[in-house]
Amino acid sequence: MIGTLAVSQLAPLEYRAALDAAMPFLMPDKSIVARCAIPELQREVSQRLQAKPADTQVEAALWVEPLVQSWESDLVELDRSLLPGSQLIVIASLPLARLIPERRSWSGDPLCTHLGGLGKLIQTLERANFTPQEKFGFHAPLTAGLNSLSRTLDRLGRLDLADRLGFAARLRYTTAGLFLGLSTVALLVARKVTT
Amino acid sequence: MRSPAGYAGPVAHWWSQSLLYTGPGYDWRYEGILAGYLNLYQATGEERWLSKARRAGDDLLDAQLPDGHYPASAFELNPASGGTPHEAACDLGLLLLAHKLKSLGDPAWETYLDCARRNLQKFYLDQLWDPETHSFRDSPTVPSFVPNKAATACEAFFLLAEILDDESWVELYALPNLDRIIAHQVHNKGHLEGAISQNSLRNRLVEKYFPYYIARCVPALVRGYEWTQDERYLESALNAMSFVFRWRYEDGSFPQVIYPNGRLNRYPQWIAAVGDILRAMILLEQYGLDVDPKPSLDWLISGQSPTGGFHTAHGFDSQVSQRAPGIRPEFRDLLPVVGWNDKAFRYLTTLVAEDKVNYSTTTHAFESACTLRGEIMNYREDEKYIEVTRNDNTHYRWRKGDAWAEIAKPEFWLR
């Protein structure tokens with residue numbers, strides 16, 4: 001059921017923003033399979049979509065946080081469950097996600113938190129006949145910089161400017177291209193090649 | 001904006017947005033919807049308005065989770081449950097309905113009361129009540145207090161006490177919260193006199209003064225005065241609204257937030273939400289508040305689109321720069337957010353008996369140029385869609401009834 005996770009238990013914003021951004025790719029009316037190896041994010045996935053069991057081929061897949069120990073076998077299973085032409089949406093923590101305080105106690109060893117992990121994933125997807133179409137980063141470095149400046153102004157008593165910088169930071173929360181690797185979370189859109 | 005399971009649509013707010021989750025929100029929109037339909041029933045005696053109020057109440061009954069929460073109750077933070085003041089606002093709406101049904105001798109009143117009471121007990125009393133400060137926290141895990149949110153909960157407890165004829169709900173919970181609200185009010189002479197701080201966090205006062213949220217404190221303070229005849233509550237309410245109206249512009253609008261250094265961030269200026277400020281003003285008219293509602297009523301009415309919905313704001317595009325907005329509204333300005341429209345609806349329904357407002361039930365599609373991140377786009381809303389296009393490409397589309405936006409380019413991933 002949508003919206004059942006309490007505000008006090010929500011995942012950090014970059015994960016929620018990435019999951020929300022994934023939803024239009026998965027909707028409407030598509031049959032979906034979802035795979036999430038991290039319980040802390042599984043709750044966020046579950047409160048957004050009710051995926052179908054993976055025993056039938058589906059039209060779209062959401063893959064959250066590929067892990068070092070299981071990502072290759074997960075990809076084989078996802079490939080098997082997807083119809084040709086289907087979209088695969090991947091959400092993965094990037095190296096700077098290790099700095100997010102809330103996730104330090106999370107389980108698992110995410111592939112893309114390792115240097116070169118996202119590149120390795122993309123190359124493997126291409127070899128598996130998936131065409132990467134778009135990729136985005138959340139909590140972009142400019143956002144982090146502006147937020148830091150905002151906090152400084154807050155401490156100096158300029159709450160008015162602090163608020164404005166906070167909103168400027170939000171406007172730049174999503175990025176693509178050069179600074180993607182310096183974001184904390186990535187969203188990758190790939191399409192399974194029609195055979 | 002109604003979907004099969006409830007009132008839905010995108011949300012734009014000062015702090016955050018929910019433009020992608022567009023399903024039903026069981027949040028403060030239900031306070032104004034329920035109160036508004038009950039106002040119409042009261043004014044006209046027409047059964048159809050009571051039926052609509054019941055349907056809204058049934059949305060909440062059907063949606064309530066076993067733990068007492070309402071799903072998707074976090075408005076701009078959706079999807080999430082445990083939203084404040086949203087769950088208390090739902091309870092308040094349900095209690096208004098229960099109160100009316102009880103007065104009509106309809107046995108269904110107990111069902112709505114039980115739903116509200118379950119949430120008030122399991123969330124507000126079991127999780128948010130802080131026995132040290134005798135007030136409601138804003139989070140189960142963080143020492144915090146938000147006056148306007150506590151005020152909404154107070155209103156629910158006043159009504160619960162009235163329905164159950166048990167004043168302990170007021171003595172134990174509502175009045176201590178009102179006292180803490182007064183402790184957050186500025187009492188020294190000056191440009192902030194009467195203002196109420198937005199919140200305190202870990203005993204640190206956050207000195208931001210939002211006219212809208214200050215007005216949201218007023219109904220509970222008035223209720224406190226009427227219940228106890230303690231002048232402190234009435235004085236606090238009158239001072240609060242005097243502050244709000246001192247900062248009103250000639251066009252009837254209000255700034256978004258005023259800071260202790262005298263600076264302010266004017267934009268975005270609420271439109272639909274001004275209904276709550278006008279409602280607070282009306283409550284205080286009988287106690288001597290002497291202000292002219294007309295400029296603000298004109299400001300509100302001028303924000304109604306041909307669809308019947310009220311625009312959210314003026315000047316979202318200036319939220320960072322705070323320069324005067326351009327000629328084209330920002331996308332979020334135009335959104336007919338249900339959780340703001342209920343405020344306009346609730347206020348306007350208080351005028352129906354006095355026939356101060358001419359209204360029509362004919363609605364039409366609405367189309368306008370708009371901007372987002374500096375790009376000029378075209379906004380269109382009809383019965384089936386809200387859609388934003390640029391050069392014949394669709395950048396955003398919500399098919400009404402769907403829980404998620406169907407199309408959303410990255411510039412619409414705003415949070």
Side-chain angles (χ1 to χ4, degrees), chain A residues 1-11 13-30 43-50 134-139 143 146 150 154 156-176 187 189, chain B residues 14-21 23-26 63 65 67 69-74 77-84 123 127 138-142 206-208 256-261 263-265 319-322 373 396-397 399 402-415:
Chain A
M1 189 173 184
I2 293 178
T4 51
L5 191 57
V7 169
S8 56
Q9 298 171 345
L10 292 176
L13 179 60
E14 41 268 83
Y15 294 98
R16 290 183 281 130
L19 284 165
D20 287 345
M23 296 306 291
F25 292 105
L26 302 169
M27 299 283 166
D29 310 326
K30 284 180 183 164
R43 296 183 300 178
E44 290 283 3
V45 172
S46 303
Q47 72 150 355
R48 282 174 173 77
L49 60 85
Q50 289 179 324
E134 295 178 282
K135 54 186 177 183
F136 303 94
F138 293 85
H139 203 161
T143 291
L146 287 167
S150 171
D154 188 290
L156 294 172
R158 287 304 302 269
L159 304 181
D160 53 324
L161 290 178
D163 278 353
R164 289 162 62 182
L165 278 174
F167 295 123
R170 282 290 178 90
L171 287 175
R172 292 156 181 81
Y173 200 74
T174 306
T175 189
L187 170 72
V189 182
Chain B
W14 166 255
W15 289 281
S16 188
Q17 340 290 323
S18 174
L19 303 177
L20 300 177
Y21 173 71
Y26 304 100
L65 301 168
D67 61 8
H69 284 301
Y70 304 107
S73 66
L77 296 177
N78 271 337
S81 70
T84 56
F123 186 30
Q127 296 183 55
D138 190 39
S139 158
T141 54
V142 183
V206 177
E207 293 184 89
K208 300 180 185 180
Q256 178 67 232
V257 53
I258 297 140
Y259 299 90
N261 59 8
R263 295 175 188 273
L264 54 88
N265 282 338
Q319 193 173 24
V320 174
S321 74
Q322 289 300 316
R373 307 286 309 272
Y396 180 86
R397 180 159 67 210
R399 185 173 66 179
D402 283 353
W404 296 91
E406 187 180 349
I407 297 171
K409 300 281 189 193
E411 64 268 28
F412 287 86
W413 297 355
L414 275 179
R415 291 300 304 250

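In what follows, chains carry the letters A, B, and so on, assigned in the order in which the sequence lines appear, proteins first and then strands, with residues in each chain numbered from 1.
Within the 4.5 angstrom heavy-atom criterion, only side-chain atoms of A/Thr174, from C-beta onward, approach chain B. Interface remark: B/Trp15 contributes backbone atoms only to the contact with chain A (heavy atom separation under 4.5 Å). Heavy-atom distances place both the backbone and the side chain of A/Leu171 under 4.5 Å from chain B. Using a 4.5 Å cut-off between heavy atoms, B/Arg397 does not touch chain A at all. With a 4.5 angstrom heavy-atom cutoff, B/Ser18 does not touch chain A via any of its atoms. In this structure, no portion of A/Leu161 lies under 4.5 Å from any heavy atom of chain B. Using a 4.5 Å cut-off between heavy atoms, B/Ala403 touches chain A through its side chain atoms alone.
For the set B/Ile258, B/Leu77, B/Asn261, the entry with the most heavy-atom pairs within less than 4.5 Å of chain A is B/Asn261. Chosen from B/Gly23, B/Ala72, B/Gly25, the residue pairing most often with chain A at heavy-atom distances under 4.5 Å is B/Ala72.
For A/Asp154, the salt bridge (charged side-chain N to carboxylate O under 4.0 Å, His left out) partners two or more places apart in sequence, or in a different chain, are B/Arg204.
The CZ atom of A/Arg170 lies 9.0 Å from the OG1 atom of A/Thr143; values are rounded to the nearest 0.5 Å. The distance from the CZ atom of A/Phe25 to the CD1 atom of B/Ile407 is 11.0 Å, given to the nearest 0.5 Å. Put simply, CG on B/Leu414 and CZ on A/Phe167 are 11.5 Å apart, with the number rounded to the nearest 0.5 Å.
When all heavy atoms of B/Ala74 and A/Val7 are compared, the closest pair comes out as CB-CG2, 3.8 Å.
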Enumerate, atom names and distances included, each donor-acceptor pair closer than 3.5 Å involving a side-chain atom of residues 16-24 of chain A, sequence neighbours excluded.
{"residue": "A/Arg16", "atom": "NE", "partner": "A/Ala11", "partner atom": "O", "Å": "2.7"}
{"residue": "A/Asp20", "atom": "OD1", "partner": "A/Arg48", "partner atom": "NE", "Å": "2.7"}
{"residue": "A/Asp20", "atom": "OD1", "partner": "A/Arg48", "partner atom": "NH2", "Å": "3.1"}
{"residue": "A/Asp20", "atom": "OD2", "partner": "B/Arg415", "partner atom": "NH1", "Å": "2.4"}

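With hydrogens and angles ignored, the 3.5 Å screen pairs a side-chain donor or acceptor of A/Gln47 with a backbone N or O of A/Leu5.
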